J.: 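Have a look at this one before I ask anything.
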Amino acid sequence: MSKQLVIVESPAKAKTIEKYLGSSYQVMSSFGHIRDLPKKHLNIDVNDNFKPTYEVSDDKKKVVSALKKAAKESEQVWLASDEDREGEAIAWHLCYALGLDPKTTKRIVFHEITKSAITEAIKHPRVIDINLVDAQQARRILDRLVGYELSPVLWKKVRPQLSAGRVQSVAVRLIVEREREINSFTPTSEYRVNAQFKLEDTQLPAELNTRFKNLEETKEFLEGCIGSKFTVSKIDDKPGKRTPGVPFTTSTLQQEASRALGFSVRQTMTLAQKLYENGIITYMRTDSPTLSEQSLGNIKDYVINTFGQDYYHRRQFKSKHSSAQEAHEAIRPTDLSIDKVQDEGQNRLYNLIWRRTVASQMAEAKLAKTEITVTVDKRKELFLAKGEVVIFDGFLKVSGRATKDILLPKLSEGQNLDYDQIIGRQNFSKPKPRYSEASLVKKLEELGIGRPSTYAPTISTIQNRGYVEKTDLEGKERPVETITLSNDSLSETVELENYGQDKSKLLPTPTADVTTDFLMKNFGSIVDYDFTAKAEKDFDLVAEGKEKWQAMLQKFYSDFHELVIKSDSVTREESTQTRLVGKDPKSGEQIFARYGRFGPMLQKGDAADEDKKPAFASLPKDTTIESVTLEQALEMFSLPRIVGKTDDGQEITANIGRFGPYIKIDKTFISIKPLDPLSITEAEARTYYLENKEKLSKKYIKEFDSGIKIVNGPYGPYVTDGKKNGKIPKDTDENKLTEAEAKEILAKAPAKKRSFRRKKK
DNA sequence: CAGTGAGCGAGCTTCCGCTTGACTT
């Protein structure tokens, strides 16, 4: 029995390829990387040419032993991991884990999963490209060095458990700097003027080609309009066009799914993974917009058969980003005749992919654009009316992009017009927008930072480490001045406009501010926006065999490590941005604002004073280390504040704690976000107390005499004895559960996992 | 979740990139 073993990265891929290759081939998958640097410790000997220690990852032990067994039973092994840096390294690691010779083992690659591509690949095997492997090792080791030398500096200088890395620290920096830009932004305003001209049975809306600096200039213009003659001076007809979008890559799919469907980056990837596993779409982690020749042919047939020859237009695509490795093709349907999938979320995403793919091979939409110019005889400014009508829909037939025709009325040059009304309205400038998950991914891709498989995890990491919070922001109101000309008389009004609302945006926490400042000051070269791009150039030199990876790393590391050593002399006072706010008039003690172990805080008294422990308090709402005043600080030290009594006579106190403002009744803490403990009234506090009581009454379904409780938890009802929790089976009614049954569930439940909570004093 | 924060010091934390489950009590 002569067997051929082909090893790919993805199990879904393995299934498809096996079909194409026939029975003498067995196709297995490695499930991605199989060996890595162990998580604990650096595992790189910086004194011995950066010698790495690799080991088979825990979760890959089973996979590796299965592959080993299959390899032994095979006559020939074919390493078919992806054709990129990581894929080459996977092939190389496989050689070591399976006991194969990396110099002779057959290595094959293909960019698309089609029968012809795969049989062609089998005909042209090569051996592992060790230069490409070395480029991957350089990338891997550099990331480990940066991550594992920089993070401990943060533990010491800023706060434990923090992390830093080539990708995440830049992502955080982007968000921090954008927020600062927004906060220091002062809106300016200008005045736009819009006219409605009267026609027999319709109106002509037009906007003035000039914007005025202030209300006076606007008023002067409108006064000049009184008694003026308005004349159609020019009617300009121009052709226009619209082009379809490029087939999806991971990043553009995430952006479009967010824009059109409101999906988070993670949601999109989970749904896409399902579609891929079911064979509905091609691989979803790709940086290439390229369509395979075979799929181009299929789309061509589909478009011509469905819409006709006029609607077809062939286009092929290449990535604009130099960092792209293009090991896969674009994300597209595997079979265009599938137009629906069962699951609703998957179906919505699939629809997006289907439409984008087909539209990319369709003709441009043709538009007829019209611009009508209206002159005002006493003024040099012009009114412009713009119209746009689709005369050939082309790709718009399937793209799903809404287009609205703006049809202008038929007019002739020289024709005079009367106005119905002319309105001048104040218009404020806006700061750059905050980053959303999707726009952050877009920015990172532009900078060449991160890879398709890491966008979603990176967004999770910066949130889990407490650098970023996904937040909705309430808007504020501001007055907007409007001046209207109607029937030759002017009237001024002031309206209120809502501005500054934001939904699901990434906001930096104080931790992000302090950490970014620290990194910028002491490790500027690492958080530089070009750091990755520069490193990539070096990796390319290694991949081309022009430089040894050890030499490349040595150059990087000697500079980097020096920064690490130098950073040791930064005082905690500096890294925590300690600021003297003032003196307590009562005790004369100094009050500081600074960044503490749990975020920004206030400190009264000097820590160096051995006799007296300093007092601590939270920062008041909407203040920062820089902005908090002495008055505000003193108020915070007056907390906790006695608010009053509950109707059953218990004392209510209010304070701010780790999780924000709260009230306390006996031993119960109740969060009062967004209220302020300094201003909450007794009545408000009582309402919170009652609501809390009601919630608690619903939490416990039943309590047995033995102390065993049936509780309504966030994942469904469960049984607890205080030490262990047990899940109630779905087919059991929690309301009818007997004590004996509850005990049985508890007996079977696994011991509570050890939590990593901090030890209490 | 649970209402801290100095300092002392034990022992812990941490990177990026490639894959898919397991499944929260």
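Chain letters run A, B, ... following the sequence lines, proteins first, then strands; residues in each count from 1. No experiment lies behind these values; they were computed from the predicted model shown.
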J.: Report yes or no: is there a donor-acceptor pair, N or O only, under 3.5 Å between the side chain of A:Arg139 and the base of B:dC16?
T.: yes
J.: For the residue pair A:Arg144 and A:Tyr148, would you count it as a cation-pi contact if the rule is NZ or CZ under 6.0 angstrom from the ring centre and within 45 degrees of the ring axis?
T.: yes
J.: A:Ser10 side chain N/O closer than 4.0 Å to the phosphate oxygens (OP1, OP2) of B:dT19?
T.: no
J.: Is there a donor-acceptor pair closer than 3.5 Å between any side-chain N or O of A:Arg166 and the backbone N or O of A:Ile526?
T.: no
J.: Is A:Asp287 close to A:Gln325 at the side-chain level, that is, under 4.5 Å between some pair of heavy atoms?
T.: yes
J.: Hey, is the side chain of A:Arg140 pairing donor to acceptor with the base of B:dC15 inside 3.5 Å?
T.: yes
J.: Could you check how far CG of A:Leu94 sits from C1' of B:dC18, rounded to whole Å?
T.: 12 Å
J.: Under 4.0 Å from OP1 or OP2 of B:dT20: is there any side-chain N or O of A:Gln273 that close?
T.: yes
J.: For B:dT20, does OP1 or OP2 lie under 4.0 Å from any side-chain N or O of A:Arg285?
T.: yes
J.: Taking only side-chain N and O atoms of A:Ser151, does any of them lie within less than 4.0 angstrom of OP1 or OP2 on B:dC15?
T.: no
J.: In whole angstroms, how far is the C1' atom of B:dC15 from the CD atom of A:Gln137?
T.: 16 Å
J.: Applying the 5.5 Å / 30° rule, does A:Trp155 stack onto the base of B:dT14?
T.: no
J.: Could you walk me through whether A:Ser81 and A:Glu88 pass the side chain to side chain donor-acceptor pair (under 3.5 Å) test, one step at a time?
T.: CA-CA 7 Å; A:Ser81 43; A:Glu88 205 69 14; 5.9 Å; no
J.: Would you say the side-chain atoms of A:Asn278 pair up with the backbone N or O of A:Lys274, donor to acceptor, closer than 3.5 Å?
T.: yes
J.: Which value, in whole Å, describes the distance between the C1' atoms of nucleotides B:dC12 and B:dC16?
T.: 22 Å
J.: Using whole Å, report how far NE2 of A:His561 lies from P of B:dC15.
T.: 20 Å
J.: Looking at B:dT14 and A:Tyr148: do their rings stack (centroid distance under 5.5 Å, interplanar angle under 30°)?
T.: yes
J.: Under 4.0 angstrom, heavy atoms only, what part of the nucleic acid is A:Gln161 near: base, sugar-phosphate, or nothing?
T.: base
J.: Just N and O in the side chain of A:Gln603: are any of them under 4.0 Å from OP1 or OP2 of B:dG5?
T.: no
J.: Can you confirm whether or not the ring centre of A:Tyr54 sits under 6.0 Å from the ring centre of A:Tyr96?
T.: no
J.: Does OP1 or OP2 of B:dG17 have a side-chain N or O of A:Arg166 closer than 4.0 Å?
T.: yes
J.: If you measure from the ring centre of A:Tyr662 to the centre of the six-membered ring in the base of B:dG3, is it under 5.5 Å, with the planes under 30° apart?
T.: no
J.: Determine the contact category for A:Pro457: base if any of its heavy atoms lies under 4.0 Å from a base atom, sugar-phosphate if only primed atoms, P, OP1 or OP2 are that close, otherwise nothing.
T.: nothing
J.: Under 4.0 Å: is that the gap between some side-chain N or O of A:Arg465 and OP1 or OP2 of B:dC15?
T.: yes
J.: Looking at B:dT19, I'd like to know if its phosphate oxygens (OP1 or OP2) sit under 4.0 Å from a side-chain N or O belonging to A:Tyr283.
T.: yes
J.: Rounded to whole angstroms, how far apart are CD1 on A:Ile44 and P on B:dC16?
T.: 13 Å
J.: Figure out the NZ/C1' separation between A:Lys39 and B:dG17, and round it to whole Å.
T.: 13 Å
J.: May I ask you to verify if any side-chain N or O of A:Ser163 is less than 4.0 angstrom from the OP1 or OP2 atom of B:dC15?
T.: yes
J.: Could you give the distance separating B:dC1 and B:dG21 at their C1' atoms, to the nearest angstrom?
T.: 27 Å
J.: With rounding to whole Å, what would you report as the distance between B:dT24 and B:dT20 at their P atoms?
T.: 22 Å
